[in-house]
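Just so you know, residue 1 is the first one in the sequence shown, and it goes up from there. The basis for the numbers below is simple: all heavy atoms, side chains too, and nothing from hydrogens, waters or symmetry mates. Fair warning: this is a prediction, and the values are worked out from it, not measured in the lab.
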Amino acid sequence: MTADEITTYMESLRDDRQREVLMRFFKTAPGEYGYGDEFLGIKVPQTREVVKLAAPDTPLSEIPELLMCRWHEVRLCGLLLLVWRFEKLATKRLVDDEEAILGRDRLLKLYLSHAEQANNWDLVDMTAPKILGHWLMLPSSLGNRSFKQDLVDSLADSHNLWKQRMSIVCTWKTSQLGDASWCLRYAERHLQHPHDLMHKAVGWMLREMGKRVSTDLLRDFLSQHVHEMPRTTLRYAIEKLEPVERQYWMSIPRKA
C-alpha cells in the first residue's frame with residue numbers, strides 16, 4: 001500500500017463527532033499543548049486495524065509521507081508501522097543478526113528524524129518504548145552504551161516537549177527488561193521540568209521501574225528527591241505502594 005492509499009482510506013473513516021471529542025481531549029485549543037493538531041476522529045483500535053492491514057505490503061519508503069501528514073491518526077499509523085517493523089527485527093532469534101541490527105538502526109534513525117511529528121503524548125507513549133527504549137537494550141552498529149546515552153541526553157536537553165517526553169517514556173521498556181539505570185537517570189534529569197505532562201511521565205516511569213525492577217530502588221530515589229518532587233510526580237510514583245506507605249511519602253513536605 002502507498003501512503004496516499006492509506007491516507008485516503010483513513011480519511012474515509014472520518015467521524016466529525018468523535019473528532020470534536022478528540023480535539024478537546026488532546027488539548028488542541030490556542031495556548032494548549034496540542035494546539036494546531038488536526039484529527040479525523042478515528043479511534044485507536046481502528047488505526048491499529050489499518051496498521052495490521054497495511055504493514056505487510058507498505059514499503060519503508062512510504063512511511064515518511066505518513067509521518068508528515070496533517071492528520072494525527074495518519075501520523076500514528078505511520079509510527080505504528082515503524083513499531084511493527086522494529087519488533088519484527090527484535091525477536092530473540094534476530095537480536096545479534098547483523099542484517100537485523102542494521103535494520104533496527106535504520107528504523108531508529110527514521111523515527112528520531114521525525115520525532116517532532118510525534119507531537120502529542122499518545123504518539124510518543126505508543127512508540128518510544130517499543131522503538132527507542134527497546135533499541136537501547138539491543139546491539140547496535142551505531143555505537144555503544146555511551147553513544148546511546150548521549151543520544152537520549154540530546155532528546156532530554158532539547159527544547160521540544162515531545163522529544164523530552166520520549167527520553168523518559170522510552171525507559172518503560174528498559175525497566176521491563178530489568179535495567180533501572182535509564183529510568184533513574186532521566187527521572188532525575190526531568191524532576192524540575194515545568195510541564196504537568198512531564199510530571200506525570202516521570203512519576204509513571206518511576207512507578208513502572210519500582211514494579212518491574214526494584215521497589216527498594218524506587219524508595220531510594222524517593223528518599224533522595226521527595227522534598228523537591230512535584231506532587232503529581234510523587235503521586236504517580238507511589239501509586240502501587242501500600243496505602244500506609246503512600247500516606248507516609250505524601251506527608252513529607254516539598255521544599256520551596
Side-chain angles (χ1 to χ4, degrees), residues 60 63-64 66-68 75-76 78-91 94-195 197-206 208-209 212-213 217 221:
L60 183 61
I63 294 180
L66 296 174
L67 300 181
M68 296 303 296
R75 296 198 305 282
L76 175 58
L79 290 165
L80 292 178
L81 285 169
L82 289 181
V83 170
W84 183 87
R85 284 175 171 269
F86 191 95
E87 290 180 336
K88 288 286 185 183
L89 296 175
T91 60
L94 294 176
V95 164
D96 295 308
D97 180 86
E98 288 188 18
E99 190 173 335
I101 290 171
L102 292 173
R104 293 194 301 260
D105 289 346
R106 269 195 306 272
L107 292 170
L108 175 85
K109 289 192 288 186
L110 179 58
Y111 177 67
L112 293 181
S113 70
H114 291 80
E116 292 187 13
Q117 300 306 116
N119 61 340
N120 219 309
W121 57 265
D122 62 319
L123 303 178
V124 172
D125 296 358
M126 282 192 272
T127 59
K130 294 181 178 181
I131 298 177
L132 175 57
H134 203 171
W135 177 82
L136 293 174
M137 301 295 287
L138 294 169
S140 171
S141 65
L142 299 176
N144 57 15
R145 184 185 174 97
S146 178
F147 171 86
K148 293 178 177 182
Q149 185 172 287
D150 288 344
L151 186 151
V152 184
D153 283 354
S154 71
L155 295 174
D157 293 340
S158 78
H159 297 294
N160 181 282
L161 174 63
W162 309 115
K163 289 182 178 181
Q164 293 167 352
R165 189 172 173 99
M166 281 181 181
S167 72
I168 181 64
V169 173
C170 75
T171 69
W172 192 4
K173 187 67 173 184
T174 56
S175 292
Q176 284 180 335
L177 296 176
D179 187 341
S181 63
W182 296 98
C183 175
L184 295 173
R185 178 179 180 83
Y186 296 103
E188 186 171 44
R189 205 177 191 100
H190 290 305
L191 207 55
Q192 301 304 319
H193 198 285
H195 204 294
L197 281 177
M198 291 297 289
H199 298 172
K200 293 175 181 177
V202 170
W204 171 29
M205 291 303 107
L206 286 170
E208 291 301 310
M209 184 279 298
R212 305 280 183 172
V213 185
L217 281 177
F221 187 92

- Would you please name every residue forming a ring pair (Phe, Tyr, Trp, His ring centres under 6.0 Å) with W84, sequence neighbours left out? none

- Query: What pairs of residues pass the salt bridge (charged side-chain N to carboxylate O under 4.0 Å, His left out) test when at least one of them lies in residues 106-127, not counting sequence neighbours?
  - Reply: E116-K163, D125-R165

- Considering only heavy atoms from C-beta outward, does the side chain of W182 approach that of R145 to under 4.5 Å? yes

- Item | Student check: side-chain heavy atoms of L197 and W162 closer than 4.5 Å | yes

- With a 4.5 Å heavy-atom cut-off, do M205 and S175 have their side chains touching? no

- Verify, without hydrogens or angle tests, whether K173 (side chain) and H134 (backbone) share a donor-acceptor contact under 3.5 angstrom. no

- Close side-chain approach of V152 and T171, heavy atoms under 4.5 Å: no

- Query: D179 versus L136: any side-chain heavy-atom pair under 4.5 Å?
  - Reply: no

- Message: Treating Y111 as the side-chain partner and V83 as the backbone partner, does any N or O pair qualify as donor plus acceptor under 3.5 Å?
- Response: no

- E188 and F221, any side-chain heavy atoms less than 4.5 Å apart: yes

- Item | Least distance between heavy atoms, A201 atom then V169 atom | CB-CG2, 4.0 Å

- Decide yes or no for M126 and L79: does some side-chain heavy atom of the first lie under 4.5 Å from some side-chain heavy atom of the second? no

- Item | Between CH2 on residue W135 and CG on residue L89, distance to nearest 0.5 Å | 15.0 Å

- Message: Tell me if a side-chain donor or acceptor on Q117 pairs with a main-chain N or O of L67 at a distance below 3.5 Å.
- Response: yes

- Message: Are Q149 and R185 packed together at the side-chain level, in the sense that at least one heavy-atom pair is separated by less than 4.5 angstrom?
- Response: yes

- Does the H193 side chain pair with the main chain of H199, one donor and one acceptor, at a distance under 3.5 Å? no

- Query: Between the main-chain N or O of P139 and the side-chain N or O of R104, is there a donor-acceptor pair closer than 3.5 Å?
  - Reply: yes

